Amino acid sequence: MSESITDKKERLTEKQVAHYLKTNLDFFNRHLDLLSELQLPHESGKAVSLVERQVAVLRERNMDMRHRLSQLLDNARENDRLFDKTKRLVLALLECNDLGDVVDALYYSFDKEFQIHYTRLIIFGNSSTPASAARIASVYDARDYIGKRLKSMNTVSGGLDVKECQFLFDDDAPQVGSAAVAILQHGSPLGVLAIGNQDPNYYRSSMGTLFLGYIAEVLNRLLPKYLQG
């Protein structure tokens with residue numbers, strides 16, 4: 001399709017660009033970023049001059065640094081959002097009056113704020129443990145299913161074996177691709193906090209567990225007073 005008359009009128013010619021640069025000698029002083037994008041080959045035939053090679057290397061490094069800076073800014077913004085959500089959850093947990101309130105606040109935040117696919121809070125206890133939306137399990141059963149997790153007492157992320165996944169996520173186990181697990185303890189094991197995602201690569205073994213570990217530390221200090229008696 002031929003260009004319209006308007007397009008032809010609006011297109012700048014090389015002569016017009018050259019004239020503008022001649023009459024605006026400080027143009028590149030005001031647009032230093034353009035200098036890193038210019039390509040000015042030397043008259044050296046097919047050979048590449050040292051200056052050209054240095055400029056090319058500097059340009060590549062500049063692009064790499066821009067990419068890294070962009071990633072750092074994205075991570076900083078995501079960390080800010082994560083901090084705000086975590087702060088709201090901690091404040092909500094501190095205002096709770098009983099175990100039911102604690103569990104409800106935790107599940108609501110993980111579901112609505114953090115948009116976690118599957119959340120499980122399993123408390124080690126018996127029939128005398130206060131009722132709540134959390135699942136009550138015997139610590140002896142837990143040792144049969146997730147014994148190695150209880151021994152490490154560390155917050156971990158990555159894939160679970162079938163036996164561990166079934167114990168933690170019960171009916172949702174077939175849909176869980178990856179998970180992060182924090183053992184709750186206060187002198188002795190109190191329970192388990194587990195979160196799962198349908199994506200097998202979402203919770204990788206190298207993924208940071210700082211957030212889940214922090215929430216677990218808060219629960220370690222809150223749960224005992226509701227489990228006594």
Side-chain angles (χ1 to χ4, degrees), residues 78-158 160 164-173 175-176 178-198 202-203 207-229:
E78 179 59 29
N79 287 337
D80 283 342
R81 288 191 289 268
L82 185 62
F83 173 77
D84 287 338
K85 294 175 183 178
T86 304
K87 181 178 71 173
R88 286 194 292 271
L89 172 56
V90 172
L91 292 176
L93 292 174
L94 293 176
E95 293 174 353
C96 293
N97 296 315
D98 55 37
L99 181 60
D101 288 345
V102 170
V103 178
D104 289 345
L106 179 71
Y107 275 50
Y108 178 87
S109 178
F110 276 21
D111 180 35
K112 303 300 182 182
E113 294 245 39
F114 292 94
Q115 297 183 337
I116 294 172
H117 291 173
Y118 308 103
T119 300
R120 292 293 189 276
L121 176 61
I122 302 173
I123 296 175
F124 300 148
N126 49 46
S127 58
S128 64
T129 303
S132 70
R135 196 168 94 230
I136 307 300
S138 164
V139 69
Y140 302 105
D141 289 339
R143 285 173 180 154
D144 289 337
Y145 288 93
I146 57 170
K148 64 180 181 181
R149 307 285 182 183
L150 293 177
K151 289 179 181 178
S152 69
M153 291 296 181
N154 294 322
T155 302
V156 296
S157 59
L160 301 173
E164 291 175 327
C165 196
Q166 288 178 341
F167 175 76
L168 294 172
F169 295 100
D170 43 77
D171 292 340
D172 289 324
Q175 285 74 49
V176 176
S178 59
V181 181
I183 303 301
L184 306 178
Q185 58 179 325
H186 187 77
S188 59
L190 295 174
V192 185
L193 177 60
I195 54 178
N197 192 283
Q198 295 172 359
Y202 192 83
Y203 295 116
M207 186 177 185
T209 53
L210 182 62
F211 152 71
L212 189 64
Y214 178 70
I215 298 301
E217 288 292 338
V218 174
L219 292 176
N220 287 341
R221 287 155 176 78
L222 289 178
L223 290 178
K225 67 179 180 180
Y226 298 123
L227 298 177
Q228 294 173 354

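It should be emphasised that the depicted structure is a prediction, and the values quoted were computed from it without experimental measurement.
- A donor-acceptor contact shorter than 3.5 Å links the side chain of Ser178 to the backbone of Tyr203.
- Ser157 contributes atom OG, which lies 9.0 Å from atom CD1 of Ile195 (distance to the nearest 0.5 angstrom).
- Residues that satisfy the side chain to side chain contact (heavy atoms under 4.5 Å, CB included) test with Lys148, not counting sequence neighbours, are Asp161, Glu164.
- Listed by chain and number, the residues in a side chain to side chain donor-acceptor pair (under 3.5 Å) with Gln198 are Tyr118 (sequence neighbours excluded).
- His186 and Pro224 make their closest contact through CG-CG, 3.7 Å (heavy atoms, listed as atom of the first residue, atom of the second, distance).
- Counting heavy atoms from C-beta outward, Leu99 and Leu223 have side chains that approach closer than 4.5 Å.
- For Ala92, the side chain to side chain contact (heavy atoms under 4.5 Å, CB included) partners two or more places apart in sequence, or in a different chain, are Ala105.
- Between atom CD1 of residue Ile146 and atom SG of residue Cys165 there is a gap of 12.0 Å, rounded to the nearest 0.5 Å.
- Within the model, atoms OG1 of Thr155 and CG of Leu210 stand 9.5 Å from one another, a figure rounded to the nearest 0.5 Å.
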Side-chain atoms of residues 211-221: list all donor-acceptor pairs with protein atoms under 3.5 Å, sequence neighbours left out, distances to 0.1 Å.
| residue | atom | partner | partner atom | Å |
| --- | --- | --- | --- | --- |
| Glu217 | OE1 | Arg221 | NH1 | 2.8 |
| Asn220 | OD1 | Gln185 | N | 2.9 |
| Asn220 | ND2 | Ala216 | O | 3.3 |
| Arg221 | NH1 | Glu217 | O | 3.0 |

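- Evaluation of the side chain to side chain donor-acceptor pair (under 3.5 Å) rule for Glu78 yields Arg81 as partners, not counting sequence neighbours.
- Among residues two or more places apart in sequence or in another chain, the salt bridge (Lys or Arg N to Asp or Glu O under 4.0 Å) test is passed with Asp172 by Arg120.
- Every pair tested for salt bridge (charged side-chain N to carboxylate O under 4.0 Å, His left out) that includes a residue from residues 185-198 fails, sequence neighbours excluded, so the list is empty.
- Atoms OH and OG, on Tyr226 and Ser132 in that order, are 12.0 Å from each other to the nearest 0.5 Å.
- Leu184 places none of its side-chain heavy atoms less than 4.5 Å from the side chain of Ile122.
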Report the C-alpha distance between Arg149 and Leu160 in whole Å, list the side-chain angles of each, state the deciding distance to 0.1 Å, and finish with yes or no for side-chain contact (heavy atoms from CB on, under 4.5 Å). CA-CA 10 Å; Arg149 307 285 182 183; Leu160 301 173; 3.1 Å; yes

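- With rounding to the nearest 0.5 angstrom, the CD atom of Gln115 is 6.5 Å from the NZ atom of Lys85.
- Applying the salt bridge (charged side-chain N to carboxylate O under 4.0 Å, His left out) test to pairs two or more places apart or on separate chains, those with a residue in residues 131-145 are Arg135-Asp170.
- Side-chain contact check for Leu106 versus Leu193: some heavy-atom pair is nearer than 4.5 Å.
- Applying the ring pair (Phe, Tyr, Trp, His ring centres under 6.0 Å) test to every pair with at least one member in residues 120-152, sequence neighbours left out, gives these pairs: Tyr145-Phe167.
- In this structure, Phe114 and Leu82 have side chains that are in contact, with non-hydrogen atoms separated by less than 4.5 Å.
- For residues 179-191, the set of pairs meeting the salt bridge (charged side-chain N to carboxylate O under 4.0 Å, His left out) definition, not counting sequence neighbours, is empty.
- Within the structure, every pair that satisfies the side-chain hydrogen bond (donor to acceptor under 3.5 Å, both in side chains) test and touches residues 87-98, not counting sequence neighbours, is listed here: Arg88-Glu113.
- The local environment of CG in Asn126 is crowded, with over 12 non-hydrogen atoms from other residues, nucleotides or ligands closer than 6.0 Å.
- Here the side chains of Leu190 and Ile123 are not in contact, with every heavy-atom distance at 4.5 Å or above.
- Listed by chain and number, the residues in a side chain to side chain contact (heavy atoms under 4.5 Å, CB included) with Tyr107 are Val103, Thr119, Leu121 (sequence neighbours excluded).
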